[in-house]
Amino acid sequence: MAGLGNLTTDPVWIKLTDYYRDNKEKLNLRALFENDSTRFDKYSLEVELPCPNGGGPALIDYSKNLIDENVLSLLFDLAKSRKVEERRNAMFGAEKINTTENRAVLHYALRSREDDAPIVLDGKNVIVDVQRVLKEIESFTGDVINGKWVGYTGKKITDVVNIGIGGSDLGPCMVCEALTQYTVGPKSHFVSNVDESHLTDVLKTVNPETTLFIIASKTFTTQETIANAQSARKWFLTQAKDESAISKHFVALSTNVEKVKEFGIAKYFEFWDYVGGRYSLWSAIGLSIALQVGFENFRQLLDGARYVDRHFLETPLQANVPVILALLGVWYNSVIGWESHAILPYDQFLSKLPSYLQQADMESNGKSTTLTNERINSYNTGPVIWGAAGTNGQHAFYQLLHQGTHTVPADFIGFVQKSEDIAGISHHSILLANLIAQPEALMVGRTKPSESIPEQLRPHKYFEGNRPTNMILSKKLTPFILGALIAIYEHKIFVQGAIWNINSFDQWGVELGKELAKAIEPELAGKSKGNHDSSTLGIINFILKHGNN
Ligand code: F6P
């Protein structure tokens, strides 16, 4: 926020870093729990998610973090002194807080309801447009699911292929998988990579007569998406042999209506430049979700996020879930220097959540210039986000989480209820037992291996413990709860960006590589020669010698 001073000269920051320097030995989780029987009550929140068919209680347990009352109170002071609330109010007040692109940041408006207070941008209530497009989505998805919208031979649409990348892929792809059990419409497929294998692999599984292609691109200029869209159209026409069939099988989602028309797509669903790509699953970009799970479930996804918007806006910092999670992240990443953060969903249907949050977080907060144009070189901003679905991760990288030289703060995410047992085996009890055991093991460790273990093995069986985790537990993976979960992370990212005084809503860092690739492409076709370093030139020459051209 303009006017914010350097983080490292902020008096609260200085107090916080001094406190860590002087007290780090005392911040031992085992001792903290031993000395305070009320620790869980103090550092956990139970929230009732108000959705009659898919809400229920949620638990956010942050007691297994290396914090005491002083740390937490200094972190809340930091949020105040970094003007987090003012910045949040500026976003919800439709100010153009994305200053490097001169845009407002209104993804929350996509979750609004018709009679919500107006969100006015440049003199216009954006809710009106949002509702109009939602109605278009509702009517289109209804038509496709009910078989009113059919393919060029009159057959019902059975498959949807979403062609997009980044925010135009990761969100819908993650949500469609997460809500598999709510499927009522066509099967969705996602093609993002410009590597032809991705498209050809999907095309092998679908029938042109019953497939709807969604070309999803905010800008409608993204090279990968346009290349895949053109190839999909060519594939389709080779089979349909009739240009007029395109209108039944290709729809577009974009802010760039002109480019959509230029491409030759008549049916499109609009969204607006105040929606960042990585925050766009709530917009028309979510069409594949609505087609798969039906509009009512899509609406519930939006409602879950809308509930969290209110919570973020109205709840005092001390009980504000995104704020608490954000402050803990700042504590680890910027004060202590633990640079990565693991996302560990204990639900197979959420296996794509870590990749989704990778873009959401790393494209938002992977920045080193402040809003007031200074270079940041004395503290860490956005962490490295990674993870995998439990229990798979336990058999892959948890070794490092338990005994490695890095400390990786982690979010464990789980759901209390699941469907029936399979063949009398309670898979879900096994899953939940692991979900509970891992954070416990990470926290408690095992510093005194049993006497029965040979002496030379004991150092290898030593678990230091004291490794921090959050637990986010809710009743069931429903559209509403999923919407709420995603919005918690969106606002967490926002709060961290505010503390670091960076613009979480631009992505200039993706430009340079794109530009260089454009220049190299003709070189690979032997059409030009660029001026490169010897390594880059050596790689180009190797490809020219051994490649297809
Ligand atoms: O990677 C850069 C980026 O602009 C992302 O922010 C965005 O989600 C993705 O490319 C796709 O962009 P578009 O939706 O415009 O095709």
Side-chain angles (χ1 to χ4, degrees), residues 97-107 110 133 137 160-176 188 190-195 198-199 213-233 250-263 265 268-289 352-367 382 384-385 486 489-490 493-494 497 502-518:
I97 61 166
N98 175 358
T99 46
T100 61
E101 295 180 315
N102 192 28
R103 288 176 185 167
V105 173
L106 304 184
H107 48 275
L110 303 167
V133 175
I137 293 175
V160 166
V161 178
N162 185 89
I163 296 180
I165 197 164
S168 300
D169 165 73
L170 288 162
C173 184
M174 180 272 287
V175 172
C176 281
S188 25
F190 291 85
V191 174
S192 51
N193 201 325
V194 75
D195 180 344
H198 203 176
L199 180 65
F213 290 92
I214 298 180
I215 315 302
S217 175
K218 177 175 168 177
T219 54
F220 230 76
T221 56
T222 304
Q223 197 187 27
E224 293 92 332
T225 300
I226 300 304
N228 277 326
Q230 276 161 347
S231 298
R233 180 165 66 178
F250 281 75
V251 299
L253 321 174
S254 189
T255 59
N256 194 343
V257 173
E258 227 167 86
K259 286 271 175 209
V260 168
K261 289 183 181 159
E262 230 172 75
F263 187 91
I265 297 181
Y268 58 84
F269 299 86
E270 203 189 345
F271 63 111
W272 309 273
D273 70 3
Y274 56 70
V275 181
R278 53 196 174 273
Y279 298 90
S280 65
L281 72 86
W282 323 99
S283 72
I285 289 293
L287 183 69
S288 53
I289 305 171
K352 298 207 165 75
L353 184 69
S355 309
Y356 168 76
L357 290 178
Q358 235 167 27
Q359 188 205 13
D361 199 319
M362 294 170 79
E363 200 166 74
S364 296
N365 285 343
K367 316 268 164 76
V384 177
I385 299 289
I486 301 168
Y489 278 102
E490 284 182 348
I493 292 164
F494 175 87
I502 55 180
N503 181 358
S504 303
F505 300 102
D506 61 12
Q507 54 284 316
W508 301 109
V510 303
E511 296 298 326
L512 179 59
K514 278 192 207 171
E515 267 171 42
L516 297 190
K518 283 232 165 84

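Both ligands and their constituent atoms are indexed starting at 1 by order of listing.
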At their closest point, which heavy atom of A229 faces which heavy atom of I163, and how far apart are they? N-CG2, 4.0 Å

Test salt bridge (Lys or Arg N to Asp or Glu O under 4.0 Å) on K259 and E262; report intermediate values, then the result. CA-CA 5 Å; K259 286 271 175 209; E262 230 172 75; 3.6 Å; yes

Is the closest heavy-atom distance from E224 to ligand 1 below 4.0 Å? no

closest protein heavy atom to atom 15 (O) of ligand 1 is T219 OG1, 2.6 Å

Mark yes or no for whether Q358, through its side chain, and I385, through its backbone, hold a donor-acceptor pair below 3.5 Å. yes

May I ask you to identify the nearest protein heavy atom to atom 3 (C) of ligand 1, giving residue, atom name and distance to one decimal place in Å? E363 OE2, 4.3 Å

Identify, for atom 13 (P) of ligand 1, the protein heavy atom at the shortest distance, and state residue, atom and that distance. T222 OG1, 3.2 Å

If you take all heavy atoms of I486 and M174, which pair is closest and at what distance? CD1-CE, 3.7 Å

If we check side-chain contact (heavy atoms from CB on, under 4.5 Å) with I289, which of these qualifies: I137, N162, L281? L281

Identity and distance of the protein heavy atom lying nearest atom 11 (C) of ligand 1: I165 O, 3.2 Å

V510 to ligand 1: N or O pair under 3.5 Å? no

Between atom CZ of F250 and atom CZ of R233, what is the distance when rounded to the nearest 0.5 Å? 7.5 Å

Identify the protein heavy atom lying closest to atom 8 (O) of ligand 1, giving its residue, its atom name and the separation to 0.1 Å. G167 N, 2.7 Å

